[in-house]
Amino acid sequence: MDETTQPMVLMDQVTKSFRIADQDVAILKGIDLNVRRGEFVAVMGPSGSGKTTLMNLIGCLDVPTGGRYILAGRDVTKLTDDELSVIRNEHIGFVFQNFCLIPYATVYENVLLPSLYTMKSKNDAAGRAVDLLRMVGLEHRTRSKPALLSGGEQQRAGIARALINSPELLLADEPTGQLDSRTAEDIMKLFVRMNADHKTVIIITHDPNIAGYASRIVRIKDGLMET
Amino acid sequence: MMRLIRILAQALMAVRAFKVRTFFCLVSVALGISAITVIVATTEGAFHEAYLMVERFGPDSLMVIAGSDEARAVGQRTKTITLADVEAARQAFTSAYMTAPLMAVEGTTASYKNNKYQTLIIGSTSDYSSAWNWPVIEGYDLAEIDVLGLKNVGIIGQDLLRELFGTENPVGKFVMVKQVLVQIIGVLSERGMSPTGVNLDNRLIMPVSTVMRKIINETRYVTLFRIRFLDQENLGHYENEMKLFLRQRHALADDQPNDFRIISPMEIIKFLVALTGSLIVFLGLAGVICLIGAGFVLANLFLLSVKERTREIGIRRSVGAKKGDILFQFLAEAVMITTAGGVVGFLLGLVSSKLLTMVAEFPIYFSWKSAVVGLLLSWSIGIGFGLQPASRAANLEPIKAIRE
Ligand SMILES: Nc1ncnc2c1ncn2[C@@H]1O[C@H](COP(=O)(O)OP(=O)(O)OP(=O)(O)O)[C@@H](O)[C@H]1O
Ligand SMILES: [Mg+2]
């Protein structure tokens with residue numbers, strides 16, 4: 001398989017259990033997932049079905065209990081914590097439901113955050129941050145603290161941050177969950193634009209309208225994929 | 001490298017953002033460091049003083065004083081060292097380059113015109129000034145010819161000078177001492193108090209021959225003599241030899257105590273250390289307690305801060321910060337604050353030691369050492385007490401931290 005046809009995300013019987021009250025509870029019970037490069041996938045499912053847990057595994061914020069997970073051709077199940085950090089930093093952009101901006105840093109500084117931790121020596125992040133802030137329409141708020149921004153503006157800052165290191169995979173866990181439908185539409189247009197820009201996008205949502213922006217919908221129920 | 005600098009900048013941003021935490025940590029560290037600064041400066045002052053004393057005394061010198069402490073206490077005679085002893089010592093100790101007798105006459109009244117003042121008369125051999133590293137700031141030192149010729153000349157200390165002459169220039173004038181007119185030929189510089197509180201500037205130095213013959217009519221006994229050696233490193237050895245030599249000359253039996261006392265530079269240092277030692281120990285304890293207190297304040301406030309910033313830590317981890325990066329950032333925040341606290345504490349120490357020297361005789365001496373000690377200590381507090389909160393921050397699980 002060459003670079004371009006190789007799947008972005010390839011999960012093979014991935015399980016995840018948590019220890020709850022001295023008992024291992026299986027949350028994901030054997031997930032098979034194949035997301036090709038350039039796809040726009042929406043993950044849907046009832047509350048508590050394990051969507052966020054799955055997203056954390058895809059994003060290398062957590063490691064599976066069992067099964068195999070190949071990210072862009074690389075088996076990430078056996079990587080060290082530091083190696084996972086590098087993967088998150090270079091290959092993945094996260095967008096969160098509650099925005100997750102650092103309150104004491106300005107919008108501009110928040111957007112730059114992933115670039116601080118990059119190991120690459122060449123780093124024209126400052127210029128790229130300005131471009132990204134212009135792209136998401138926040139060029140007039142760069143010096144503000146996040147608390148002064150509306151929800152939609154905060155999420156646009158979050159998207160700019162997710163893109164600063166030019167990752168090939170963009171992950172968003174209910175990115176419009178705290179926004180009204182007009183604002184949600186604006187945000188989704190940004191994701192569509194990113195996808196058109198050859199980025200692989202995976203979002204979690206409860207809203208069928210939001211899922212409608214995706215090219216494919218996968219459903220999860222009780223820790224298993226529905227087919 | 002650039003990466004570390006970028007993380008340092010993040011630390012600085014947090015230090016400035018969390019002002020209350022920064023303020024309380026900084027103040028408590030500053031208090032501890034200021035105490036330590038004063039201690040180091042005092043210790044250094046004590047050593048500096050000891051060094052000066054030894055320099056003046058002569059690091060290659062032994063001083064042999066007539067009469068033992070025990071003898072003096074029970075009122076026995078203190079006249080035990082003779083000019084012949086001095087001469088014999090000179091011939092016996094071939095590596096000594098100077099052997100000089102000295103005669104001290106206490107409580108003698110000196111007068112000039114209508115001014116009278118009780119003073120200490122010292123009978124010395126030539127070159128008193130250079131022998132005791134005590135500069136003559138006007139006129140001349142005692143010369144060989146003054147001693148050989150029993151001249152009625154003297155050099156005068158600052159205190160006696162003020163009392164007798166006021167602002168008048170004394171050089172060439174005559175002072176009356178026990179019906180003898182003594183011409184002042186030189187003025188000694190100011191030397192201040194000895195550690196035992198004796199005013200060193202109230203004295204008149206005259207040729208030892210003149211003092212013995214014309215002032216107290218003494219032909220045999222001297223108060224003390226001083227002997228300086230070429231090989232300073234063997235001073236301890238010479239001290240023992242001198243003890244045996246004099247005991248033999250004075251025909252002391254084994255059960256009899258020395259009828260003289262030998263003072264060496266080591267003894268001066270011991271004396272000064274004993275004098276300031278307890279003060280330093282007390283201040284040292286106070287300082288260490290302050291510093292440990294500061295450390296606990298820092299550790300607690302940082303633990304609170306890590307709790308409060310759990311989400312921030314999760315965000316940083318999710319965008320690619322390694323555990324080590326988080327650890328480094330929190331340690332850097334702690335060290336930045338303690339460094340600032342150290343600097344403030346040092347300045348506070350400077351001010352408070354100025355105040356201390358105003359209320360009490362306090363040997364304080366500031367050098368780069370107290371600054372360096374303060375800085376090193378503030379860094380160790382930052383690292384030592386910041387480590388636990390920082391590693392707690394680093395070991396937070398990213399998924400849990402973000403869910404907060
Ligand atoms: N770190 C954890 N420790 C223990 N249990 C957990 C942990 N993370 C998730 N769970 C549990 O796993 C189950 C699935 O959680 P998850 O957040 O993945 O669901 P979800 O599909 O995202 O739900 P929602 O739509 O409400 O966001 C829940 O019952 C949750 O309590
Ligand atoms: Mg969820």
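Just the heavy atoms: all of them, side chains too, but no hydrogens, waters or symmetry mates, feed the values below. Quick note on labels: first sequence line is chain A, next is B, and so on, each numbered from 1.
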Report the distance from atom CG of B/L8 to atom CG of A/L116, rounding to the nearest 0.5 Å.
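Going from the CG atom of B/L8 to the CG atom of A/L116 covers 11.5 Å.
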
Trace of the side chain to side chain contact (heavy atoms under 4.5 Å, CB included) decision for B/M13 with A/T106:
CA-CA 11 Å; B/M13 184 163 79; A/T106 64; over 6 Å; no

With a 4.5 angstrom heavy-atom cut-off, is it the side chain or the backbone of B/A9 that approaches chain A, or both, or neither?
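For B/A9, neither part sits under 4.5 Å from chain A.
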
Crowding at CZ, B/R3 (>12 non-hydrogen neighbours, <6.0 Å):
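Count over threshold, so yes.
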
With rounding to the nearest 0.5 Å, note down the distance linking CD in B/E312 to CG in A/L101.
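The CD atom of B/E312 sits 12.0 Å away from the CG atom of A/L101.
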
What part of B/R16 gets within 4.5 angstrom of chain A, counting heavy atoms only: side chain, backbone, both, or neither?
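For B/R16, no heavy atom lies under 4.5 Å from chain A.
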
Just give me the residue among A/N56, A/I87, A/N89 that pairs up with chain B most often, heavy atom to heavy atom, under 4.5 Å.
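It is A/N89.
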
Segment of A/L84 engaging chain B (4.5 angstrom heavy-atom cut-off):
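Nothing of A/L84, per the 4.5 Å heavy-atom cut-off to chain B.
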
For B/M2, is it the side chain, the backbone, both, or neither that has a heavy atom closer than 4.5 Å to a heavy atom of chain A?
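Neither part; nothing is under 4.5 Å.
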
Does A/Q23 have more than 12 heavy atoms from other residues, nucleotides or ligands lying within 6.0 Å of its CD?
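Counting other residues, nucleotides and ligands, CD of A/Q23 stays at 12 neighbours or fewer.
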
Pick one of side chain, backbone, both or neither for A/E109, based on which atoms fall under 4.5 Å of a heavy atom in chain B.
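When you check distances to chain B, only side chain atoms of A/E109 fall under 4.5 Å.
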
Side-chain (B/R6) to main-chain (A/T118) donor-acceptor, under 3.5 angstrom
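Confirmed, B/R6 side chain pairs with A/T118 backbone.
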
Before you tell me yes or no, could you show the steps for B/I7 and A/Y117 under side chain to side chain contact (heavy atoms under 4.5 Å, CB included), namely the whole-Å CA-CA distance, both residues' side-chain angles and the distance that decides it to 0.1 Å?
CA-CA 8 Å; B/I7 297 172; A/Y117 297 109; 4.1 Å; yes

Please say whether more than 12 non-hydrogen atoms of neighbouring residues, nucleotides or ligands are located less than 6.0 Å from CZ in B/F23.
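Count not over threshold, so no.
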
So that I can tick it off, tell me whether A/D62 and B/K400 are bridged by a salt bridge, with the cut-off set at under 4.0 angstrom between side-chain N and carboxylate O.
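No.
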
Most contacts with chain A, counted as non-hydrogen pairs under 4.5 angstrom, among B/A14, B/G314, B/S318:
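The residue among B/A14, B/G314, B/S318 with the greatest pair count is B/S318.
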
Do side-chain atoms of A/D82 reach the backbone of B/K322 as a donor and acceptor pair under 3.5 angstrom?
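Absent.
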
Once you round to the nearest 0.5 Å, how far does CD1 of A/I102 lie from CZ of B/R309?
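If we round to the nearest 0.5 Å, A/I102:CD1 and B/R309:CZ are 8.5 Å apart.
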
Does CZ belonging to B/F366 count more than 12 external heavy atoms closer than 6.0 Å?
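Yes, the 6.0 Å shell around CZ holds more than 12 heavy atoms from other groups.
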
Pick from B/A17, B/A321, B/P398: which one has the most heavy-atom pairs with chain A under 4.5 Å?
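Going by pairs under 4.5 Å, I would pick B/A321.
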
Mind listing the closest non-hydrogen atom pair of B/I315 and A/C100 along with its distance?
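That closest heavy-atom pairing would be CD1-O, 3.2 Å.
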
Decide yes or no on side chain to side chain contact (heavy atoms under 4.5 Å, CB included) for B/R317 and A/L61, but give the supporting numbers first.
CA-CA 8 Å; B/R317 294 283 276 130; A/L61 279 168; 5.6 Å; no

With distance as the sole test, does A/R88 use its side chain to make a donor-acceptor pair with the main-chain N or O of B/V319 at under 3.5 Å?
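Absent.
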
Taking atom CD of B/Q10 and atom OH of A/Y104, what is their separation to the nearest 0.5 Å?
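Here the rounded value is 6.5 Å.
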
Taking atom OG1 of A/T52 and atom CD1 of B/I399, what is their separation to the nearest 0.5 Å?
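Separation between the atoms: 10.5 Å.
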
Is it the case that atom NE2 in A/H198 sees more than 12 heavy atoms from other parts of the structure closer than 6.0 Å?
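Open.
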
